[in-house]
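For reference, the structure discussed in these notes is given below.
In each ligand, atom 1 is the first atom listed, and ligand 1 is the first ligand listed. Treat the numbers as computed from the prediction; the structure is a model and nothing was measured.
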Amino acid sequence: MTSMVDLDTWRSLPAAQQPNWPDAHALEVAIAELRTMPPLVFAGECDNLKGQIARAAAGEAFFLQGGDCAEIFAGQTADAIRNKVKTLLQMAAVLQYGASLPVIKVGRMAGQYAKPRSNDQETQAGVTLPAYRGDAINGHDFTLEARTPDPRRLLRVYNTSAATLNLVRAFTQGGFADLRQVHEWNKGFIRDSSVGDRYEQMANEIGRALAFMRTTGAEPDELRTVNFYSSHEALVLDYERALTRIDSRTGLPYDVSAHFVWIGERTRQLDGAHVDFFSKIRNPIGVKLGPKSKPADVMALIDKLDPDREPGRLTFISRMGANLIRDVLPPLVEAVAATGTQVLWITDPMHGNTYEAPSGYKTRKFDDVMHEVTGFFEVHRALGTHPGGIHIELTGDDVTECVGGGEEISHEDLASRYESFCDPRLNHTQSLELAFLVAEMLRDR
Ligand code: PEP
Ligand code: CO
């Protein structure tokens with residue numbers, strides 16, 4: 001079956017934030033090779049996720065999405081991947097147990113390698129070079145060689161994403177994600193923090209509940225494995241197009257670079273290339289909405305990206321800032337609800353709350369993050385709509401990138417373990433703290 005859809009109309013539209021590849025031939029060679037590669041995910045898996053998102057949009061599940069701001073090739077060690085997966089599984093257990101809701105687990109992982117930048121150039125000590133745009137495009141070292149965009153990096157994105165996904169699938173299908181391992185997921189993390197104790201207590205309660213269930217003879221398969229989905233900002237359109245395939249079952253196109261892809265705040269122009277490309281693929285998709293979003297923009301995005309109002313198709317990821325969400329979000333949610341359209345609303349409490357610490361590090365305050373999440377729940381509670389999920393930048397490691405939280409990380413502490421090449425991430429403890437707080441909000445919803 002061939003698709004009637006033209007997947008290349010975006011090429012004649014303005015595409016924001018695309019790299020300036022200096023060598024057009026090298027780009028062609030890389031793209032030709034990517035087009036021959038097997039899919040990283042299957043269309044049927046994307047459809048399963050879409051079905052689950054539809055449930056979350058109806059208030060019957062909660063969407064948990066998290067991972068690095070920018071993955072880096074050198075960071076994809078087994079330990080780092082395992083710690084991230086464990087952190088997300090722990091957060092999911094806290095949310096699921098606390099709120100009695102199924103949790104959809106989505107990694108900002110296995111493909112999150114390209115970054116939009118406010119400036120094309122960066123100047124250090126009088127030297128100006130191209131800005132770092134993520135490992136998909138150039139290197140982080142401040143040298144002309146590293147900063148020159150190299151399309152062969154796109155092949156490395158594919159290969160590294162495949163390796164990451166392979167390990168994630170092994171972890172989540174091979175018994176490691178079994179709910180009876182809920183204690184194991186805390187191993188290797190510091191346990192003497194109060195959030196660690198709280199987690200152990202919850203894990204004991206889950207253990208008792210599972211033991212009780214076993215006495216009834218129930219041993220459901222669902223305990224053994226979990227569905228874990230991949231996602232990234234689909235920024236570099238040449239890469240995403242090269243990984244778009246026609247599903248043999250349905251004849252429809254899917255971007256098989258990830259289960260879920262989203263459009264960033266800087267690339268969501270209604271007549272731009274990204275919106276056009278996304279309108280053609282059948283994956284569940286997201287769009288970031290910043291503080292300047294207007295109800296009319298949101299409705300126009302729905303008309304372009306989800307003209308058939310397909311359940312689970314569209315997720316809006318609001319990232320307004322802690323002080324703006326209570327004013328900016330309500331008219332958007334109301335406008336959508338008034339038309340009877342069902343989308344999934346999730347909160348990204350990170351990107352509206354970034355500032356520069358006196359030492360120069362980009363950081364975020366844990367309290368600002370929580371203040372935005374609280375605002376998100378308040379808005380939805382007031383309007384009778386569903387606070388459907390959270391989108392977080394996190395890592396399973398003990399980094400010091402965001403200030404505050406139970407460990408009371410200070411501005412002075414940032415230097416001790418700041419590893420992100422891009423935005424600051426919640427560390428393992430801060431991520432679990434956030435999950436406990438969100439679980440309470442969900443319980444009272
Ligand atoms: C991001 O998610 O890392 C990002 C750049 O977000 P936004 O598009 O919302 O600024
Ligand atoms: Co970011």
> Would you say Q430's side chain and N427's backbone share a donor-acceptor pair under 3.5 angstrom?
Replying inline: yes

>> Before we go on, tell me: are the rings of Y239 and Y113 under 6.0 Å apart, centre to centre?
In response: no

>> So that I know where these two stand, are Y229 and F260 an aromatic pair - ring centroids less than 6.0 Å apart?
In response: no

> Distance below 2.8 Å from the Co ion (ligand 2): how many protein N/O/S atoms qualify?
Replying inline: 4

>> Please enumerate all residues that pass side chain to side chain donor-acceptor pair (under 3.5 Å) together with R245, with sequence neighbours excluded.
In response: none

Salt-bridge test for [X] and [Y]: reply yes if a basic N is under 4.0 Å from a carboxylate O, no otherwise.
X	Y	value
D8	R241	yes
K115	D135	no
R364	D423	yes

What I want to know is whether [X] and ligand 1 share at least one N or O pair that is separated by under 3.5 angstrom.
X	result
D348	no
E265	yes
K288	yes

> Any idea which of R117, H351, Q112, Q17 brings a heavy atom closest to atom 1 (C) of ligand 1?
Replying inline: H351

> Any idea how F376 and H380 line up, ring-wise: parallel (<30°), tilted (30 to 60°), or perpendicular (>60°)?
Replying inline: perpendicular

> Taking the six-membered ring for Trp, are Y132 and F421 parallel (under 30°), tilted (30 to 60°) or perpendicular (over 60°)?
Replying inline: perpendicular

Residue [X] vicinity, atoms of ligand 1 by number, heavy atom under 4.0 Å:
X	result
G264	8 (O)
R319	7 (P), 9 (O), 10 (O)
C69	3 (O)
P116	5 (C)

